[in-house]
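Structure first, then comments.
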Amino acid sequence: MENIQKRQPVNTEKSREKENNSSISKESNQSLSKKGNQSLSKERNQSILKEGDQSISTLDVFLEKTGFTPVGLLGVILLLIMPFIPPFNQEYLLRWLIYAAFIAAMSVGFDFTAGYINIVNFGYAAVMGYGGYTSSILAINLGLTPWIGILIGGLNSAILGLIIGMISLRLRGIFAACLSWFFGLALMGLATKLVWLTRGPLGLRVPRMFATESNIPFYYLVIILLVAMYILCKWVVKSKIGLAFQAIGQNMDAARTSGINPVFYRVFNFTLSCALAGILGGFYAHYYAILTPEVMHTSKTVEVLAVAYIGGRGSLWGGAVIAFPFIFIMEIIRSTLSNLPGLNLIIYAMLLILVMIYYPGGFSYFFDTHIRKPKNKALRYFLNGRETSAS
Amino acid sequence: MKDTANIMIVLETKNLTKQFGGLTAVNAVSMTLYKGDVMGLIGPNGAGKTTFINAITGLNPPTSGDVIFFGENTTGLPPEKMCRKGISRTFQIPSPFPKMSAIESVMTATVFGNPPGTIKDPVAHSRKMLEFVEFPMSEDVISEQLNTVQLKRLDLARALASNPKVLFMDEMASGLSEGELLDIMKIIRKITGQGISILMVEHIMQLIMAVCNRLLCIQFGTKIAEGPKDEVANDPKVTKAYLGSNTDEKNKAEELVAEDN
Amino acid sequence: ADKTLKIGVLGPFTGPSAQTGKEFQASVEMAMEKIDSTVGDYKIEVVWVDSQSDPAKASSAYAEAVEGKGIQAGVLNWHSSVAVAVMDVAAQYKIPHMFGFGASEVVNEKWLADPEKYSYWGGKGWPVPAKLEGNYIECLNAAIENGTWKPAKKLAAIYGEDTDWGRSAGGAYKQALVDSGWEIYSEEYFPITQTDFYPLLSKYKKAGVELLCGTSASPPALTAFVKQFSEVGLKSTLVASGLGWIGDWYKMTGRSSDYVLDSIPQLTTPEAQQWAKDVNAKFGFNPSPSAGGLSYDGINMFIKLLNKTHEKYGELNKETIHKTMVEEVNTGKLTYGRKDGAVIMNEYRYNAETMPDMVVASDAYFFPILQYKEGKASIIYPDSWKVKDFEPKK
Amino acid sequence: MLLEVKELDAGYGYLQILRKVSLQVDTGEYVCIVGPNGAGKSTTMKSISGLLKPMGGKIYFNGEDITGLPAYEVTQKGIAFVSEEMNLFVNMSVQENLLMGAYTIKDKNAQQDRMEFVYDLFPRLAERKSQLAGTMSGGERKMLAIGRGMMSKPTLMLVDEPSFGLAPQLTETVFESLDILIKNGVTIMLVEQNVNKTLSVTDRAYVLENGRIGLDGKSSDVANDSYVKKVFLGV
Amino acid sequence: MYINFKAIANWAKSAAGITITISIAVALYATINSGPYVLVNTIITGGMLALVATGLTLMLGVLNIAMFAHGEYFMIGSLTAFYVFTPISNYIMENPDSFLVIIGPVIAIVLSMVSGAIAGVISEKLVFGPLRRRSTDNWVMNSFLLTVGLSVLLINLHQLIFGADFKGIVRYWGGMPVSIAGAFISRDRIMAFLISGLIVFLFWFFMTYTRTGRAIRAVSQDATGAQIVGINIENIVLLTIALSCALAGVAGGSLLFMYPSYPTMGLEPLYMAWFVVILSGLGNILGAVAGAFMVALLKVVTVEYIGAGWDFVVPSALIMLILIFKPSGIFGSEVRGVLDK
Ligand SMILES: Nc1ncnc2c1ncn2[C@@H]1O[C@H](COP(=O)(O)OP(=O)(O)OP(=O)(O)O)[C@@H](O)[C@H]1O
Ligand SMILES: Nc1ncnc2c1ncn2[C@@H]1O[C@H](COP(=O)(O)OP(=O)(O)OP(=O)(O)O)[C@@H](O)[C@H]1O
Ligand SMILES: CC(C)C[C@H](N)C(=O)O
Ligand SMILES: [Mg+2]
Ligand SMILES: [Mg+2]
């Protein structure tokens with residue numbers, strides 16, 4: 001990163017000069033440099049759970065354990081009652097919500113790799129599809145219940161993650177991304193060609209998870225998955241493992257000489273994030289009831305990636321939050337302008353481009369710099385949870 | 001007699017060689033580092049000093065030869081294992097974790113470089129390290145905002161955080177003014193005071209002469225001298241190859257090697 | 001008309017078969033214009049359901065059209081794989097769907113496994129390949145018998161797009177070929193997006209394959225196949241079933257399509273020719289009798305069904321439409337033929353024995369075999385229709 | 001007056017480093033800037049070379065206002081900059097790097113002459129003509145950077161810490177080669193940490209501290225200044 | 001002549017040596033085993049791939065943009081060629097003796113190149129430029145995402161404006177296919193190969209031996225350094241992007257006879273070009289050309305011995321294998337740069 005900065009100094013300077021003229025950016029810049037690390041070190045180093053402190057409520061303990069802030073918790077509660085609030089009680093909106101929650105969960109798993117060890121797993125959708133196929137084939141050929149199938153799918157995808165993690169070990173940056181991309185392409189090719197097993201592009205019809213027309217059970221299932229995955233990922237990155245992730249993501253040599261075994265952490269990261277994708281793939285298959293190799297397509301990864309990046313990388317929650325409005329806007333445009341097919345994609349592309357140019361930090365960055373630290377104490381508690389005395 | 005000598009030996013290399021394609025960057029270098037040593041590694045640019053360190057610490061494993069650390073053959077072990085065994089290093093071009101705060105950068109080594117459970121309070125330990133190297137900035141500053149000199153301090157703190165027995169320093173003092181050299185000298189003395197042996201690559205003879213007790217000089221990847229600092233510094237081979245004359249280096253070096261054999 | 005009926009038109013409007021989607025769209029718009037989008041006191045509102053040629057995407061688009069747009073009935077479709085998937089959705093939501101084209105056996109097998117459940121997937125628009133595709137072989141074997149064609153050896157290769165359709169047509173060719181003593185050199189199914197066939201064709205050339213039988217619903221793939229077939233210098237007889245599924249095939253293949261066999265219905269009546277002219281005037285392309293023509297007939301037959309339903313029940317919704325479909329169409333009571341204005345086939349007629357396919361016969365639904373030369377097609381089979389004899393490539 | 005810097009303000013983003021720095025360099029002069037780490041020496045050089053847009057003040061070269069000109073135009077006017085980071089083309093050979101240094105010289109023969117001049121100065125470079133710059137050691141790269149700077153036959157050369165990371169022997173070589181340049185009529189503005197050495201070879205010195213010029217004068221006088229002695233020379 | 005045996009031995013032991021030797025062996029074996037058309041097909045497919053891959057390499061090497069939208073410039077080229085050549089071909093049909101029979105296709109192909117370049121310049125002005133001016137932090141990832149957005153945008157704009165149908169032509173140049181070593185090859189293919197060969201050669205020459213070419217490479221390695229030696233990098237950036245997109249455009253244009261133009265047509269050349277670029281190592285033009293032939297060989301041999309449709313799985317699996325052993329690609333240098341981050 002430093003290198004790139006050096007590469008274009010004239011431009012950089014120009015923009016810096018611009019910022020210099022406006023006091024607003026000056027402030028934000030300052031708060032930026034302060035903020036980023038504080039929240040990190042707070043999260044990791046200074047657990048609020050110190051013995052003997054009496055002022056901590058059960059809620060705080062709960063929040064600390066699950067990695068939520070009060071506002072986040074409120075969001076989850078909102079999601080839980082969503083199917084009963086008009087207009088969201090309509091089946092088709094529920095269908096969108098399910099898709100949004102699915103993408104949200106995917107983005108959590110994706111960000112777990114991209115945002116922490118700094119490797120974009122470009123074959124993420126393929127891994128997801130792999131899990132879906134595993135579970136579906138088990139259900140179809142062996143009559144296995146989707147509940148177990150999904151878990152086996154997750155396990156199977158975890159093995160895949162292990163392999164990707166192993167083979168991409170010596171690669172960095174864009175090379176590792178390409179490797180996982182090619183891996184995904186090969187996987188998709190296999191799904192296309194192994195017709196006897198997957199029915200290829202003909203589409204594998206999969207038993208649905210709940211034999212009901214209603215979307216509600218699926219909705220709750222995906223929300224549970226989303227929340228569980230978030231808590232799990234958050235728990236991992238808050239632990240010392242997260243520190244190791246960041247270290248190997250930012251400087252492999254320095255991390256190694258500091259005693260971090262990159263093989264273990266990298267492979268662990270891939271394994272976990274791929275396992276999550278596999279589980280989600282199983283859900284996807286048993287919800288939409290049909291699988292084609294198309295689910296493994298790069299464009300699916302791109303969709304997840306766009307959500308994760310617009311949400312803000314390295315935050316886990318950014319993508320999960322932004323997925324809902326994002327998918328909704330896209331779907332509304334698509335369904336109202338169905339005579340102009342692709343217009344929603346044009347808008348989505350322009351949105352992605354604008355965000356990347358003008359706000360590459362994404363939503364979580366915006367939130368952290370502009371919303372997170374209001375003067376009002378109660379509001380601050382609401383947004384951040386209990387703060388440590390140290391900060 | 002022999003035994004006691006062995007105890008004193010911290011690190012040994014035997015015929016350590018590293019080749020890049022056709023180029024032999026380090027050529028059969030054997031050396032010994034004793035407990036309490038501050039050994040200076042000198043040599044012209046491109047002599048293979050950094051490569052030598054990389055080969056020992058495992059970042060760029062040697063092509064042949066052995067590394068023996070406290071009597072154990074550690075050749076080719078990956079850097080993370082070396083770190084846990086007690087070998088730390090800083091980088092010539094310091095490269096900490098750009099998006100981490102200073103304290104977090106140090107914490108990585110505190111947490112992962114020490115046997116699990118030995119450090120009760122990693123934050124306090126890391127903070128101590130920063131204080132130890134007299135890190136001039138707030139511990140919350142993000143690494144990418146530091147300048148080279150500050151980065152070097154941070155890198156040193158990181159290297160020390162894993163409680164090493166041997167510390168390799170690659171051009172820690174480059175770019176420092178004479179006044180600042182005094183500070184770094186003090187820190188180096190403090191490090192030795194903790195019983196850590198040091199092998200430092202440095203071009204600033206002033207510093208070398210001030211803090212080192214022994215010197216190792218290599219040229220074209222080949223060792224040309226090793227021993228007490230004054231001995232080496234006054235060795236005509238060293239003065240010719242490194243400190244002085246400006247004649248055709250390569251021929252001279254070959255002659256020297258020939259003379260040696 | 002103060003009441004509205006929303007119908008979903010399922011088709012590949014984007015994706016690799018978008019050309020066909022375009023023809024569907026034109027047909028539907030023209031048919032709707034003709035009835036001013038009204039049936040009885042109902043305003044008909046069309047909801048485009050884009051399958052993107054992918055079964056998974058099609059299923060969720062269809063489900064969404066049901067849940068979100070409230071379509072009460074559906075019509076048309078192109079791919080078998082999509083049909084197989086959407087059948088389940090239609091059954092799940094109890095939406096009657098008419099005239100989906102997905103032709104292959106998989107559709108029939110699935111339908112026959114549970115006719116009750118899949119009664120929502122009404123009369124198919126295209127019969128299983130076995131009923132029509134074998135005709136090529138019959139026609140060619142006749143040519144060998146009467147000495148017009150003298151292949152060096154009876155070695156044939158089968159190729160096709162990797163879809164239910166391609167595989168099922170391939171199976172039909174294989175059956176017919178093996179039955180009449182041909183040896184099969186290979187069976188190759190390729191992705192619908194493939195456009196480079198040099199390696200494959202060179203292989204055929206080396207092996208001395210005399211007959212190539214295959215199909216693809218993807219125009220770029222099939223036109224590329226035909227073009228490269230002639231470039232590589234293959235002298236075999238080529239069956240490229242579906243080349244004519246886009247009206248502009250000659251613009252894309254040129255003289256490479258000479259001597260190629262295809263089976264496409266023809267615009268034989270003045271009404272049919274007028275229809276083609278209208279489409280060209282209005283939409284600016286030459287419609288294919290298969291994609292455009294059949295879909296035009298299909299939507300019109302569907303409108304006839306709606307009228308009948310309205311007449312019978314006074315109300316248009318998924319239940320009444322389904323009832324009429326089962327009672328009238330599937331039993332052969334309601335047919336659609338020349339007198340109703342059908343432009344392609346003599347009559348679209350279903351009965352309980354052939355369901356879900358229609359009756360295939362020369363007075364009902366039938367495709368002649370054509371051979372192309374200089375952009376013109378001549379019928380070479382069946383004997384009663386033929387205008388000239390099969391002519392082997394020189 | 002070859003170079004004249006008037007009340008230069010410069011910095012990065014909102015962070016101002018230089019405050020009203022004024023400097024003058026005459027043709028043929030050998031001037032140095034000394035100062036502690038982070039004083040803004042490199043920032044001054046970057047501003048003159050056009051890599052950094054000044055926030056205020058004026059820079060004149062040969063009487064011409066070059067304030068805010070892009071770097072490539074400054075180079076074309078005859079100012080060469082050997083930066084601290086070297087900014088070599090890591091995937092090009094030594095030879096190609098040198099050729100790039102002569103980018104502003106279009107005459108092939110002149111390019112060749114310069115190349116030989118540089119190879120004479122640094123025989124090590126001649127030995128490694130086809131080695132990729134990125135695989136060279138730190139010191140070798142430094143030589144290459146200086147060599148490349150000399151390739152454009154500049155009137156004024158800005159040299160930022162040439163001895164950084166160099167072996168003593170090579171430091172000598174570098175200073176000697178700068179001497180040769182001076183003798184060839186090139187004007188040099190040097191930034192160095194090696195204050196003793198620098199003050200002993202240059203004509204005139206500026207002492208920069210906290211972004212301000214604290215002291216200036218003949219190098220020998222500066223070297224004898226008691227404050228400088230105390231702070232920089234550690235005496 | 002003086003032959004350096006040691007150097008040759010060293011080369012043969014290097015990754016490049018081994019893979020090239022194996023490739024030649026495989027090509028020879030397949031040719032003897034299956035016929036000369038294997039070789040002919042490889043050469044022709046490779047020539048086309050080389051064109052797309054060099055453009056991608058350039059973009060990656062000079063601007064550090066991991067281009068995901070490269071296929072869309074291919075698509076723009078073919079679209080232009082279609083709309084230029086269709087009236088020409090209608091005219092030719094009416095006047096078969098016109099000089100346009102020969103020149104017409106050339107006009108279409110040249111214009112496809114121009115349109116590629118223009119599209120590239122517009123993208124730079126509207127998309128990459130603004131990002132570069134705002135911030136170059138995390139450039140590789142951010143610019144990559146921009147290209148993802150650009151790709152989606154261009155595909156759907158094509159669909160919205162020109163429709164999703166296939167816009168193809170019968171052929172560029174008429175006449176009988178040419179027979180080479182027992183394989184027939186259409187004139188269009190031969191011309192496409194010649195065009196790609198010529199352009200790749202000119203391009204390589206330009207990059208290696210001209211002053212501007214060297215300046216482009218210099219910017220790719222250190223932009224500050226380039227400014228210091230007197231290069232106007234804004235011009236170089238613009239030139240590079242125009243060149244790279246023009247290469248993709250001309251590839252699309254000259255292949256129109258084979259790949260009709262439609263919105264998502266760019267995906268396959270994109271994948272293939274990425275295979276080539278990663279396989280051969282970033283920013284290495286000659287390497288990309290060699291890599292293009294290797295990937296082409298892999299593809300042809302796969303279809304020959306394993307079957308149609310596998311020409312995606314087998315090459316990508318093999319490339320992954322190679323990457324495991326030679327992470328920087330076959331011809332890649334060991335020097336690591338920004339793209340590693
Ligand atoms: N990855 C590599 N590939 C090829 N050659 C290399 C590589 N790394 C180093 N070298 C070469 O090995 C030799 C030794 O380099 P090294 O970096 O160890 O020198 P050094 O003694 O540290 O020099 P300095 O004091 O300038 O840092 C140099 O000639 C260098 O060009
Ligand atoms: N790109 C940059 N962005 C922000 N601040 C910077 C940047 N470059 C330098 N600085 C800051 O500007 C100040 C002056 O830097 P400068 O490099 O000019 O110092 P110097 O006198 O050359 O010191 P040194 O001896 O370390 O080279 C330092 O505090 C440094 O941290
Ligand atoms: C003849 C066509 C309607 C066949 C269709 N493509 C299918 O898959 O069945
Ligand atoms: Mg070194
Ligand atoms: Mg400096």
Side-chain angles (χ1 to χ4, degrees), chain A residues 87 89-99 102 129 132 136 188-189 191-196 198-208 211-215 218 284-285 287-297 299-300 331-332 334-345, chain C residues 8-9 12-16 18 21 25 29 46-70 79-89 91-94 102 104 106-107 110 161-168 189-193 218:
Chain A
N89 52 2
Q90 298 174 60
E91 289 290 330
Y92 81 103
L93 286 179
L94 218 47
R95 180 173 273 276
W96 292 356
L97 274 178
I98 292 173
Y99 188 61
F102 167 77
S136 308
M188 183 172 131
T192 315
K193 286 312 281 186
L194 298 181
V195 176
W196 55 272
T198 63
R199 285 193 27 94
L202 320 179
L204 187 65
R205 285 176 310 283
V206 186
R208 289 188 66 156
T212 154
E213 230 180 86
S214 159
N215 286 311
F218 290 100
Y284 185 94
Y287 172 57
Y288 289 102
I290 178 153
L291 272 185
T292 53
E294 204 55 16
V295 294
M296 300 177 136
H297 198 266
S299 60
K300 237 333 174 260
E331 295 292 303
I332 289 170
R334 188 175 57 83
S335 68
T336 48
L337 298 173
S338 58
N339 53 334
L340 294 174
L343 190 66
N344 65 319
L345 293 178
Chain C
V9 175
F13 302 116
T14 61
Q25 222 154 353
E29 276 171 24
V46 172
V47 173
W48 303 108
V49 185
D50 187 2
S51 77
Q52 299 182 46
S53 300
D54 179 75
K57 287 179 181 157
S59 306
S60 62
Y62 203 84
E64 199 191 299
V66 178
E67 289 176 352
K69 298 285 173 55
H79 303 283
S80 295
S81 41
V82 172
V84 171
V86 174
M87 272 166 91
D88 281 314
V89 186
Q92 185 193 340
Y93 292 100
K94 301 198 169 19
S104 69
V106 219
V107 180
K110 182 162 183 172
E161 63 173 35
D162 194 357
T163 61
D164 271 340
W165 162 254
R167 285 177 177 267
S168 135
Y189 299 102
F190 45 77
I192 48 175
T193 46
S218 154

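Each chain gets a letter, A, B and so on, in the order the sequences are listed, and its residues count up from 1.
Between Pro55(C) and Arg205(A) there is no side-chain heavy-atom pair separated by less than 4.5 Å. By the 4.5 Å heavy-atom criterion applied to side chains, Val106(C) and Arg199(A) are counted as neighbours. The side-chain heavy atoms of Gln52(C) and Glu294(A), taken from C-beta on, include no pair separated by under 4.5 Å. Between Trp96(A) and Glu64(C) the shortest side-chain heavy-atom distance falls below 4.5 Å.
With chain A as partner, the option from Gly166(C), Ala85(C), Gly68(C) having the largest number of non-hydrogen pairs under 4.5 angstrom is Gly68(C). With respect to chain C, the highest number of heavy-atom pairs below 4.5 Å among Thr192(A), Val195(A), Leu93(A), Leu94(A) belongs to Val195(A). Contact count versus chain A (heavy atoms, under 4.5 Å) is highest, among Asp54(C), Thr163(C), Thr14(C), for Asp54(C).
In this structure, OG in Ser81(C) is found 12.5 Å from CG in Leu204(A), a value given to the nearest 0.5 Å. Atom OG of Ser60(C) is separated from atom OH of Tyr284(A) by 6.0 Å, given to the nearest 0.5 angstrom.
Listed here is the closest heavy atom pair of Ala56(C) and Ile290(A): CA-CG2, 3.6 Å. Nearest heavy-atom pair across Tyr189(C) and Lys193(A) is O-NZ, 3.1 Å.
Looking at Val295(A), there are no atoms closer than 4.5 Å to chain C (heavy atoms on both sides), in backbone or side chain. Heavy atoms of Lys110(C) lying under 4.5 Å from chain A belong exclusively to its side chain.
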